[in-house]
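Take a look at the structure below.
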Amino acid sequence: MHGNGRYEGGAAPRVVVGVSGSLGSLAALHRGVAEARERGAVLVPVLAWEPPGGEHGYRRSPCPPLLAAVREAAEQRLRDALDAAFGGTDPGVPLHPVVIRGEAGPALLHVADRPDDLLVLGRSGGPLRRRLRRSVPGHCARKAGCPVLTVPVPELLHDLHRLESAHRRARRHQPAGPAPEALAAKR
């Protein structure tokens with residue numbers, strides 16, 4: 001499941017899907033299956049991983065057992081994401097999962113290296129996360145040598161963010177002590 005990410009399966013068309021385990025990437029997996037079915041292509045789900053502290057941090061303090069554990073955890077995350085997306089059933093298209101070491105955007109472009117590949121990506125994370133980290137879909141759309149399809153955030157995720165936001169606002173406006181109704185009921 002791991003390696004350099006280059007697929008040596010001949011000239012079969014490929015649909016490469018970025019996977020993180022988020023709802024956005026699960027939506028991208030489902031869209032990737034539909035695209036692979038339509039094109040008669042191989043589905044290549046890719047999960048990119050980095051050592052704790054990034055490559056620079058790892059070079060300063062290498063720890064091979066930790067690196068092996070992080071790689072194994074990444075492989076398990078990909079298996080879990082595929083199980084979550086497909087419920088443990090066969091997606092009905094040839095599947096070639098890849099776990100690759102590297103920053104997500106460049107790693108995905110390393111795998112989706114042929115002009116006839118299709119790179120499918122989902123949006124993930126809330127607005128704060130998107131401000132703190134580079135946009136993988138944006139990076140790939142700017143630099144890819146193949147078509148890039150960005151799958152919209154599932155409506156369920158929009159609803160979840162709205163609910164979390166309303167919950168945070170409600171918590172800020174609640175009194176610090178017990179509710180007045182609770183005090184009246186005790187008397």
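Below, all heavy atoms of this structure are taken into account, side chains as well, without hydrogens, waters or symmetry copies. Residue numbers start at 1 and run along the sequence shown. Predicted, not measured: the structure shown is a model, and the values here were computed from it.
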So, for V17 and G32, which heavy atoms are closest and what is the spacing to 0.1 Å? CG2-CA, 4.0 Å
State the CG-SG distance between L109 and C146, to the nearest 0.5 angstrom. 7.5 Å
Atom pair OH/CG of Y58 and L66 - distance to nearest 0.5 Å: 7.5 Å
Could you pull out all donor-acceptor pairs under 3.5 Å where a side-chain atom in residues 80-90 meets a protein atom, sequence neighbours excluded?
residue: D80; atom: OD1; partner: Q76; partner atom: NE2; Å: 2.7
residue: T89; atom: OG1; partner: F86; partner atom: O; Å: 2.6
residue: D90; atom: OD1; partner: G92; partner atom: N; Å: 3.2

Please report the shortest heavy-atom distance between P137 and G122, naming the atom on each side. CG-O, 3.9 Å
Note, V16 side chain near L118 side chain (heavy atom, < 4.5 Å): no
Can you list the steps and then say if V111 with V44 is a side chain to side chain contact (heavy atoms under 4.5 Å, CB included)? CA-CA 9 Å; V111 175; V44 183; 4.1 Å; yes
Taking all non-hydrogen atoms of both residues into account, name the closest pair between V148 and A141 and its distance. CG2-CA, 4.2 Å
Within the distance-only criterion (no hydrogens, no angle test), does the side chain of R142 pair as donor or acceptor with the backbone N or O of G138 below 3.5 angstrom? yes
Closest non-hydrogen atom pair between A107 and I100, with its separation: CB-CG2, 3.7 Å
Going from NE2 on H96 to CG on L43, what distance comes out if it is rounded to the nearest 0.5 angstrom? 11.0 Å
Check the pair S135 / R123 against side chain to side chain contact (heavy atoms under 4.5 Å, CB included), numbers first and verdict last. CA-CA 9 Å; S135 165; R123 294 245 178 228; 3.7 Å; yes
Under the side chain to side chain contact (heavy atoms under 4.5 Å, CB included) rule, what do L95 and V42 come out as? Steps first, then yes or no, please. CA-CA 6 Å; L95 190 67; V42 174; over 6 Å; no
To the nearest 0.5 Å, tell me how far W49 CH2 sits from R77 CZ. 11.0 Å
How about R114 and P13: do any of their side-chain heavy atoms sit closer than 4.5 Å? no
With a 4.5 Å limit on heavy-atom distance, are the side chains of V98 and P45 in contact? no
On a heavy-atom basis, which atom in A104 and which in A48 lie closest, and how many Å separate them? CA-CB, 3.7 Å
Rounded distance (nearest 0.5 Å) linking atom CZ of R14 with atom CG of L119: 10.0 Å
Interatomic spacing from CG in L67 to CD in E72 - rounded to 0.5 Å: 10.5 Å
Test side-chain hydrogen bond (donor to acceptor under 3.5 Å, both in side chains) applied to E55 - qualifying residues, sequence neighbours left out: R101
Test: salt bridge (Lys or Arg N to Asp or Glu O under 4.0 Å). Region: residues 34-43. Which pairs qualify, not counting sequence neighbours? R31-E35, E35-R39
Any donor and acceptor pair, going by atom type alone, linking the side chain of S25 with main-chain N or O of V19 inside 3.5 Å? no
Which pair of heavy atoms, one from P147 and one from P115, lies closest together, and at what distance? CD-O, 3.6 Å
Checking C140 against L121 for the side chain to side chain contact (heavy atoms under 4.5 Å, CB included) test, could you report, in this order, the C-alpha distance in whole Å, the side-chain angles of both residues, the deciding distance, and whether it holds? CA-CA 9 Å; C140 291; L121 304 167; 3.7 Å; yes
